[in-house]
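Read the structure below first, then the notes.
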Amino acid sequence: MTKLITLSEAINKFVEDGDTVYAAGFTHMIPFAAGHEIIRQEKKNLILARATPDLIYDQMVAAGCAKKVIFSYIGNPGVGSLRFVRAEIEAGRLEWEEYSHFSMISRLQAGATGLPFMPMNPTAAKDLEKANPFYRTVIDPYTGGEVVVVPPLKPDVAIVHVQRVDAEGNAQIWGIIGEQKEAAFAAERVIVTAEEIVDEAIIRSDPNRTVIPGFIVDAVCHVPYCAHPSYTQGYYDRDNSFYLAWDEISKTPESVNAYLDEWVYGIADRMEYWEKLGAEVHERLKVASLPSATVDYGKY
Amino acid sequence: MTKLITLSEAINKFVEDGDTVYAAGFTHMIPFAAGHEIIRQEKKNLILARATPDLIYDQMVAAGCAKKVIFSYIGNPGVGSLRFVRAEIEAGRLEWEEYSHFSMISRLQAGATGLPFMPMNPTAAKDLEKANPFYRTVIDPYTGGEVVVVPPLKPDVAIVHVQRVDAEGNAQIWGIIGEQKEAAFAAERVIVTAEEIVDEAIIRSDPNRTVIPGFIVDAVCHVPYCAHPSYTQGYYDRDNSFYLAWDEISKTPESVNAYLDEWVYGIADRMEYWEKLGAEVHERLKVASLPSATVDYGKY
Amino acid sequence: MNEITYTSSELLTINASRLLRDGDVVFVGVGLPNLACNLARRTHAPNLVMIYEAGVIGAQPARLPLSIGDPTLVSGALSVCSMYDIFAFYLQRGNVDVGFLGGAQIDRFGNINATVIGEYDHPKVRLPGSGGSMEIAAWANRCYIITPHQKRRFPEKVHFRTSAGYLSGRSEREAARLHGAGPLAVVTDLGVMEPDETGELVLTALHPGASEEQARENTGWDLKVASNLKTTDPLTAVELGILRNELDPERIYLKGGE
Amino acid sequence: MNEITYTSSELLTINASRLLRDGDVVFVGVGLPNLACNLARRTHAPNLVMIYEAGVIGAQPARLPLSIGDPTLVSGALSVCSMYDIFAFYLQRGNVDVGFLGGAQIDRFGNINATVIGEYDHPKVRLPGSGGSMEIAAWANRCYIITPHQKRRFPEKVHFRTSAGYLSGRSEREAARLHGAGPLAVVTDLGVMEPDETGELVLTALHPGASEEQARENTGWDLKVASNLKTTDPLTAVELGILRNELDPERIYLKGGE
């Protein structure tokens with residue numbers, strides 16, 4: 001049963017005001033196009049969860065979509081500060097809930113595996129554990145020691161970008177796989193965006209590569225270049241110059257608004273966005289081919 | 001730095017009397033050749049851990065190598081009872097420690113991830129939890145409910161068979177991946193046996209396929225057909241007729257001893273074993289090619 | 001009209017296959033449950049998703065799998081994951097609709113013993129143990145038990161609870177807050193038993209030709225019979241044809257009960 | 001003889017690279033630690049295994065990575081795993097020998113603040129937060145802190161302990177039973193500080209040309225000086241050549257301190 005719909009339909013149908021949204025991808029395959037569509041559809045009061053909010057959450061916060069962020073590192077990766085989120089937090093206008101990377105990902109792991117909590121080894125850096133009441137402790141029944149735990153995170157909706165998927169949502173990812181699988185399994189609803197929609201036979205030719213099974217997926221959207229200015233391994237490079245540019249743009253609300261007007265509100269969809277980027281960017285982000293060795297599954 | 005040695009050297013060097021041994025592989029790629037070498041080297045008082053002991057542990061128990069088994073299912077897969085282990089347990093001559101599949105694998109997961117324990121959802125079937133004191137409970141600090149937990153399992157040595165590995169031990173597996181990765185990370189020492197030793201460049205052409213990193217591996221052994229009578233995906237089929245034959249052989253100690261004399265003590269290594277199986281078996285277990293689609297990592 | 005003849009294995013398999021719904025995600029074992037699932041996929045449930053405890057999702061076996069980890073389950077499957085993941089991300093997370101169970105003993109409340117006859121520490125007969133059944137019985141949304149109807153298999157109380165049915169009654173299971181609803185039906189070669197409001201298994205249907213007496217004689221407790229006792233639909237030539245000609249032509253699993 | 005000139009970034013990077021041992025498994029960040037690791041790999045530690053919190057193991061970046069998740073880290077790597085796995089199977093399991101750390105504030109006992117200046121609930125300056133550093137500081141066998149030597153960076157006490165050094169003293173860290181030994185050295189552009197038997201950072205080495213006074217003036221606590229104060233080995237032309245010609249020819253990271 002095909003789940004192919006447009007990204008606009010998917011956001012309209014599966015993202016509601018007030019939802020906890022996990023747009024996955026650790027530096028790789030961040031679903032920017034989905035974030036922009038959420039901005040265009042003027043979703044409100046979202047709780048934006050992501051280990052690393054990256055520029056996409058800066059933009060969604062700037063556009064007024066969010067009431068809260070859940071994160072473990074707010075920075076502009078490789079550049080510096082995530083200015084807009086930081087300013088909103090400093091101004092007391094944005095709620096936040098904070099973890100270390102491992103405790104953030106442990107929350108997703110607990111959510112994805114249906115567990116009541118995940119234990120972690122001690123870090124002895126207790127200030128964050130004191131500041132965030134979701135950190136709790138249990139007594140280790142084997143040693144009597146104290147073990148720090150975090151509860152499951154179960155987002156209302158996960159948005160995951162992948163290289164290839166079939167129409168039913170069976171999705172394959174390579175390169176950095178971050179927390180995509182965990183986010184999809186933890187969430188109540190799953191939107192998959194993909195560079196390519198492929199025949200089921202391609203998926204079935206390499207089942208070990210399939211990270212997300214179709215039956216937990218609600219919508220499949222064909223969105224080439226969805227991840228720009230982040231990247232998709234084997235498809236296009238990271239647009240580092242935009243990460244640097246955002247460091248300037250995000251210095252004032254005016255320049256942020258001008259950016260959103262031109263690149264989000266002012267365009268219809270990712271295809272128009274990509275065309276608007278122009279030939280120089282297309283050329284700069286092109287990647288030469290480096291294919292994997294194949295493996296043999298055998299006919300049985 | 002190459003870790004290539006013979007299987008005989010690896011067993012001699014890395015398996016000691018009294019060790020807890022985890023010969024991994026859920027029905028797939030069970031390292032029979034390593035089990036036979038352990039029998040030939042007359043290792044004693046081993047604690048044999050495996051979710052599904054399969055015929056290999058039946059043989060090792062019959063050969064007097066083991067004082068205890070740790071398992072979650074003792075059967076001859078697809079055939080019926082695992083006669084020798086069962087008879088030894090019924091006779092009170094073999095210690096055992098028992099789990100469900102998920103709690104067994106959760107023990108490995110805790111061992112592999114360095115966690116003090118793994119929590120599990122309730123099953124309400126409490127008889128095994130009462131019979132095995134390694135099952136404990138903690139209080140869920142979020143709900144006040146009781147959560148069943150199991151402690152880490154950290155075998156002294158894990159033996160893992162793989163399709164291809166480089167000389168440093170970077171190993172790639174496809175098909176059923178069972179608990180291979182968890183066993184390798186949980187164990188103090190790791191022996192990898194492989195169908196093929198490949199150039200590092202093959203491994204590096206598809207890093208997402210690498211399940212075990214070389215730096216946790218102690219020995220790399222080139223052992224084609226290591227898994228017979230189980231199988232290696234893409235290389236050879238399961239020898240179901242041997243699984244059926246074992247059901248007969250294992251009915252008496254005499255026939256078991258005759259088998260061990262002929263097929264284990266009486267031969268030098270896996271190459272001789274494979275030749276001895278003969279052309280009919282070779283032909284019957286051959287597999288036609290079914291290659292995976294490739295993926296593109298891109299030159300960056 | 002010709003009478004259709006069949007073995008008890010065929011009877012069990014076909015009735016098990018009818019319990020599956022299109023779109024179900026089913027945790028499949030080898031043997032009869034595997035045949036039942038493949039039959040359902042070829043008849044009324046083409047979108048059945050078959051997953052195996054070995055970590056295989058969406059298998060399309062080209063031949064009859066001879067073990068739970070047969071390589072034919074992997075070639076052409078949709079996805080393969082680790083054993084930890086299949087139990088955690090799939091089963092424990094609540095992503096499995098149906099589990100099939102069996103065992104040496106099934107008691108009045110659907111609890112199953114697959115561990116031991118006699119004392120646990122001094123076993124008279126040592127059985128294979130839980131495998132995945134402890135978790136499947138607790139976490140699959142719906143469970144079905146498929147087994148021949150024999151008195152020794154249906155004691156009043158099992159010697160060892162390997163997996164939970166309704167424990168000492170439905171309220172005890174509810175208090176345990178398990179994700180799964182428990183065993184919804186026990187399909188035997190005589191008929192179907194289903195839990196009543198207390199969780200006790202009662203006879204709710206007979207296969208054509210079977211009698212209440214046969215069922216009561218072959219059950220170890222005082223088997224109640226539902227007031228609206230039904231008769232199961234006869235096996236169809238289509239179902240038998242697929243089983244015999246496509247799924248198990250060598251009758252490896254179907255020969256039972258011939 | 002010509003004096004070799006260099007930037008403070010080059011000084012930091014080369015001294016950091018010398019702390020690595022052949023065969024170390026090192027958790028690499030972008031920027032200077034990445035350069036330091038690649039330099040070590042090309043000089044005294046060819047068997048260094050570089051792993052990244054993005055889940056990349058054994059990277060061989062063909063170009064200078066511009067973020068922790070740069071695609072050049074993946075192409076040609078030995079292995080890629082999930083973020084959960086890199087923290088659990090690798091770091092938490094004790095498989096990581098070395099972690100590099102930095103932060104806005106480092107205190108007398110090597111505790112680091114990368115979270116907030118001011119009150120946590122009412123931040124004056126909101127910093128990026130822990131990322132992986134809370135775990136790296138606890139679980140990597142050895143940690144090194146690489147940072148410019150400035151008074152505001154070295155307060156007596158951090159405002160917020162994002163990651164643990166020796167807490168209030170070495171005995172407190174020992175009681176916490178962390179896997180890792182804690183920060184073994186702080187490399188600055190003036191010299192090297194190492195923990196004494198109480199866990200307090202004391203000046204143990206100066207770079208050629210730097211003075212005790214400079215170090216004391218730029219440290220927020222009463223900095224002790226080791227009795228056997230050493231001078232670090234001068235940067236070599238080989239080290240600088242690799243850095244400048246091969247690793248960062250555009251001086252993206254090396255320009256700092258010019």
Side-chain angles (χ1 to χ4, degrees), chain B residues 25-28 51-52 71-82 85-87 89-90 92 96 98-106 108-109 112 120-128 130-131 145 174-182 211 230-234 237-238 240 243 287 290, chain C residues 30-31 52-56 65-76 80-85 87-88 91-92 111-116 118 120-135 137-139 158-164 167 172-173 175-179:
Chain B
F26 187 77
T27 74
H28 179 212
T52 52
F71 67 90
S72 46
Y73 186 87
I74 32 166
N76 177 337
V79 178
S81 180
L82 199 62
V85 167
R86 175 181 154 181
I89 286 176
E90 287 173 358
W96 80 96
E98 181 174 5
Y99 298 89
S100 68
H101 271 350
F102 188 58
S103 39
M104 179 81 181
I105 297 303
S106 289
L108 268 191
Q109 174 85 359
M120 301 178 297
N121 278 335
T123 67
K126 294 192 178 293
D127 284 356
L128 189 58
K130 282 180 210 147
W174 55 100
I176 289 167
I177 50 175
E179 80 300 49
Q180 268 95 336
K181 175 181 177 175
E182 291 78 6
V211 170
S230 78
Y231 70 102
T232 298
Q233 189 87 36
D237 204 349
R238 183 174 192 260
N240 201 58
Y243 278 85
V287 182
L290 186 68
Chain C
V30 283
Y52 294 81
E53 67 184 17
V56 182
L66 294 178
S67 92
I68 197 95
D70 193 300
T72 193
L73 297 174
V74 168
S75 293
V80 175
C81 68
S82 72
M83 210 176 154
Y84 185 80
D85 283 3
F87 279 98
L91 183 57
Q92 184 171 259
N111 305 298
I112 296 178
N113 175 15
T115 302
V116 66
Y120 181 78
D121 288 328
H122 301 93
K124 212 172 112 193
V125 181
R126 176 61 228 201
L127 302 165
S130 162
S133 66
M134 191 165 160
E135 286 82 22
W139 302 334
V158 290
H159 292 189
F160 191 96
R161 278 187 194 161
T162 307
S163 64
L167 304 166
E172 193 183 347
R173 184 172 173 115
R177 294 185 310 156
L178 307 178
H179 180 87

Given the options C:Leu66, C:Val56, C:Leu91, which has more heavy-atom pairs under 4.5 Å with chain B than any of the others?
-> C:Leu66
Is it the side chain or the backbone of C:Ser133 that comes within 4.5 Å of chain B heavy atoms, both, or neither?
-> neither
Answer key: most heavy-atom pairs under 4.5 Å with chain C among B:Gly92, B:Gly78, B:Ser72, B:Ser103 is B:Ser72
Interchain contact, C:Ala137 with chain B, by part (heavy-atom threshold 4.5 Å) = neither
Proximity breakdown for C:Glu172 and chain B, heavy-atom pairs closer than 4.5 Å = neither
When the 4.5 angstrom heavy-atom criterion is applied to C:Leu73 and chain B, the contacting part is neither
Classify the ring geometry between B:Phe102 and C:Phe87 as parallel (under 30°), tilted (30 to 60°) or perpendicular (over 60°).
-> tilted
Interface moiety of B:Trp174 toward chain C, non-hydrogen atoms closer than 4.5 Å | neither
Which bit of C:Asp85 is near chain B, if near means a heavy-atom gap under 4.5 Å: side chain, backbone, both or neither?
-> neither
The side chain to side chain contact (heavy atoms under 4.5 Å, CB included) partners of C:Pro128 (sequence neighbours excluded) come to B:Tyr73
Between the CD1 atom in B:Ile74 and the OG1 atom in C:Thr115, the distance rounded to the nearest 0.5 Å is 9.5 Å
Output the option from B:Gly80, B:Gly75, B:Pro122 having the highest count of non-hydrogen pairs under 4.5 Å with chain C.
-> B:Pro122
Portion of C:Val116 that has a non-hydrogen atom of chain B nearer than 4.5 angstrom | neither
Leading residue by heavy atom contact count with chain B [cutoff under 4.5 Å; candidates C:Ala138, C:Ser67, C:Gly76, C:Gly31] | C:Ser67
Compare every heavy atom of B:Glu98 with every heavy atom of C:Gly129, then report the nearest pair and how far apart it is.
-> CA-OE2, 3.6 Å
In Å, rounded to the nearest 0.5 Å, how long is the span from CD1 of B:Ile105 to CD of C:Glu135?
-> 10.0 Å
B:Thr123, part contacting chain C, at a heavy-atom distance under 4.5 Å = both
Given that the side chain runs from C-beta out, which part of C:Leu178 has a heavy atom under 4.5 Å from chain B: side chain, backbone, both or neither?
-> side chain
Looking at OG of C:Ser130 and NE2 of B:His101, how far apart are the two atoms once the value is rounded to the nearest 0.5 Å?
-> 7.5 Å
Would you mind checking which part of B:Ser106 comes under 4.5 Å of any heavy atom in chain C, side chain (CB onward), backbone (N, CA, C, O), both or neither?
-> both
Under 4.5 Å from a heavy atom of chain C, the part of B:Ile176 involved = both
Portion of B:Tyr243 that has a non-hydrogen atom of chain C nearer than 4.5 angstrom | neither
Contact check, side chains of B:Ile89 and C:Pro123, non-hydrogen atoms, under 4.5 Å = yes
Closest heavy-atom contact between C:Val80 and B:Gly175?
-> CG1-O, 3.3 Å
If we only count heavy atoms from C-beta on, is the B:Phe26 to C:Glu53 side-chain gap below 4.5 Å?
-> yes
Can you tell if the side chain of B:Lys130 reaches within under 4.5 Å of the side chain of C:Tyr120, non-hydrogen atoms only?
-> no
Side chain, backbone, both or neither: which part of B:Asn121 has a heavy atom under 4.5 Å from chain C?
-> both
Relative to chain C, which segment of B:Ala51 carries a heavy atom at a distance below 4.5 Å: side chain, backbone, both, or neither?
-> side chain
Look up atom CE in C:Met134 and atom CG in B:Asp127, then write down how far apart they are to the nearest 0.5 Å.
-> 9.0 Å
So, the part of C:Ala88 with a heavy atom under 4.5 Å from chain B: the answer is both
With sequence neighbours left out, the residues meeting salt bridge (charged side-chain N to carboxylate O under 4.0 Å, His left out) with B:Glu90 are B:Arg86
Pick from C:Ile68, C:Thr72, C:Val125 with the largest number of heavy-atom pairs that fall under 4.5 Å of chain B | C:Val125
Find the distance between OG (C:Ser82) and CD (B:Glu182) and round it off to the nearest 0.5 Å.
-> 5.0 Å
Are the side chain of B:Tyr231 and the backbone N or O of C:Gly69 linked by a donor-acceptor pair below 3.5 Å?
-> yes
Pair count under 4.5 Å, heavy atoms only, with chain C: among B:Ala87, B:Pro77, B:Ser81, B:Ala125, highest is B:Ala125
Establish, from distance only, whether the side-chain atoms of C:Ser75 and B:Gln233 form a donor-acceptor pair under 3.5 Å.
-> yes
So how far is it from C:Ser163 OG to B:Leu128 CG, rounded to the nearest 0.5 Å?
-> 11.5 Å
